[in-house]
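The next block holds one structure in the form of structure tokens; read it before the comments.
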Amino acid sequence: LKQVFNKDKTFRPKRKFEPGTQRFELHKRAQASLDSGVDLKAAVQLPSGEDQNDWVAVHVVDFFNRINLIYGTVCEFCTERTCPVMSGGPKYEYRWQDDTKYKKPTPLPAPQYMNLLMDWIEVQINNKDIFPTSVGKCKEEVL
């Protein structure tokens with residue numbers, strides 16, 4: 001069990017919402033609806049009067065936290081020896097590219113790919129320009 005909760009391995013602490021903020025209240029509402037066995041389609045619908053960007057941000061962070069926990073429970077079974085390729089079945093191979101260390105799509109063992117992916121997602125979630133902590137200050141992206 002120590003291996004699962006070793007921060008230097010795969011487990012990362014949950015990103016928390018500041019109590020008393022609107023996002024904290026949205027998180028509590030989302031958590032309550034998911035824990036109560038409610039229809040998931042209804043659970044993820046934007047509540048009346050809430051900001052869509054805040055609602056999406058709450059669900060992205062919750063999803064990351066849940067995936068992080070799930071991955072932490074299976075990582076001991078997927079080693080570089082047992083999972084030498086990051087794949088989605090026999091037809092799909094995922095390759096890592098980050099434009100810094102990996103300039104071209106690079107095949108990696110699944111654990112290494114997952115660690116890079118989880119690190120990348122965590123950086124995005126902690127980037128206040130992408131996920132501002134103050135309500136109503138979302139950065140609009142121009143396509």
Side-chain angles (χ1 to χ4, degrees), residues 1-47 50-135 137-143:
L1 202 56
K2 280 184 180 179
Q3 186 177 8
V4 172
F5 294 105
N6 182 345
K7 185 180 184 310
D8 296 328
K9 290 279 186 183
T10 57
F11 181 79
R12 290 160 180 82
K14 283 186 171 185
R15 174 140 188 251
K16 299 191 189 247
F17 299 100
E18 191 69 33
T21 65
Q22 185 177 7
R23 284 205 180 158
F24 180 77
E25 295 305 316
L26 289 172
H27 167 72
K28 285 189 342 188
R29 186 184 301 177
Q31 194 64 44
S33 62
L34 289 173
D35 289 343
S36 67
V38 165
D39 174 34
L40 287 179
K41 186 175 180 179
V44 297
Q45 286 181 343
L46 179 66
E50 297 297 345
D51 180 76
Q52 182 176 5
N53 291 324
D54 289 334
W55 188 241
V56 169
V58 164
H59 284 286
V60 167
V61 172
D62 282 343
F63 184 71
F64 171 74
N65 289 336
R66 290 170 193 262
I67 293 298
N68 190 33
L69 284 173
I70 291 168
Y71 179 62
T73 62
V74 299
C75 67
E76 71 181 88
F77 303 105
C78 184
T79 65
E80 290 191 12
R81 188 178 61 74
T82 61
C83 302
V85 175
M86 181 63 188
S87 67
K91 293 185 178 183
Y92 301 99
E93 178 181 327
Y94 298 95
R95 296 178 177 201
W96 186 259
Q97 179 178 355
D98 59 16
D99 295 328
T100 53
K101 183 176 179 183
Y102 300 92
K103 305 273 186 202
K104 294 189 285 187
T106 307
L108 296 172
Q112 187 178 355
Y113 182 98
M114 286 302 299
N115 282 330
L116 288 168
L117 178 61
M118 296 302 279
D119 288 344
W120 181 85
I121 294 169
E122 190 170 23
V123 166
Q124 305 312 304
I125 288 173
N126 290 325
N127 182 339
K128 292 186 189 308
D129 289 334
I130 299 171
F131 286 89
T133 55
S134 300
V135 175
K137 294 186 180 180
C138 277
K139 179 181 180 181
E140 293 292 325
E141 185 172 320
V142 179
L143 298 177

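- The closest donor-acceptor contact from the side chain of T106 to the backbone of Q97 lies at 3.5 Å or more, if one exists at all.
- In terms of heavy atoms, I125 sits closest to F131 at O-CB, 3.5 Å.
- Atoms NE2 and CZ, on H59 and R66 in that order, are 9.5 Å from each other to the nearest 0.5 Å.
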Evaluate side-chain contact (heavy atoms from CB on, under 4.5 Å) for D51 paired with W55, printing each intermediate quantity in order.
-> CA-CA 6 Å; D51 180 76; W55 188 241; over 6 Å; no
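- The number of heavy atoms from other shown groups lying within 6.0 Å of OH (Y102) is above 12.
- Here N127 pairs with D129, I130 under the side-chain contact (heavy atoms from CB on, under 4.5 Å) rule; sequence neighbours left out.
- A distance of 14.0 Å separates NZ of K104 from CG of D98, quoted to the nearest 0.5 Å.
- In this structure, SG on C83 lies 11.0 Å from CE on M114, to the nearest 0.5 angstrom.
- Atom OH of Y71 sits about 6.0 Å away from atom SG of C78, to the nearest 0.5 Å.
- The closest side-chain heavy-atom distance from M118 to N68 is below 4.5 Å.
- The structure places CG of D62 at 11.5 Å from CD1 of I67, a figure rounded to the nearest 0.5 Å.
- Here the side chain of S87 pairs no donor or acceptor atom with the backbone of P90 at under 3.5 angstrom.
- Using the six-membered ring where Trp is involved, Y113 and W96 have ring planes that are perpendicular, over 60° apart on the 30 and 60° scheme.
- Between the CD1 atom of I121 and the CG atom of L116 there is a distance of 11.0 Å, given to the nearest 0.5 Å.
- Closest non-hydrogen pair, P111 versus E80, comes out as CG-N, 3.8 Å.
- Across all their heavy atoms, E93 and V85 have their closest contact at CG-CG1, 3.5 Å.
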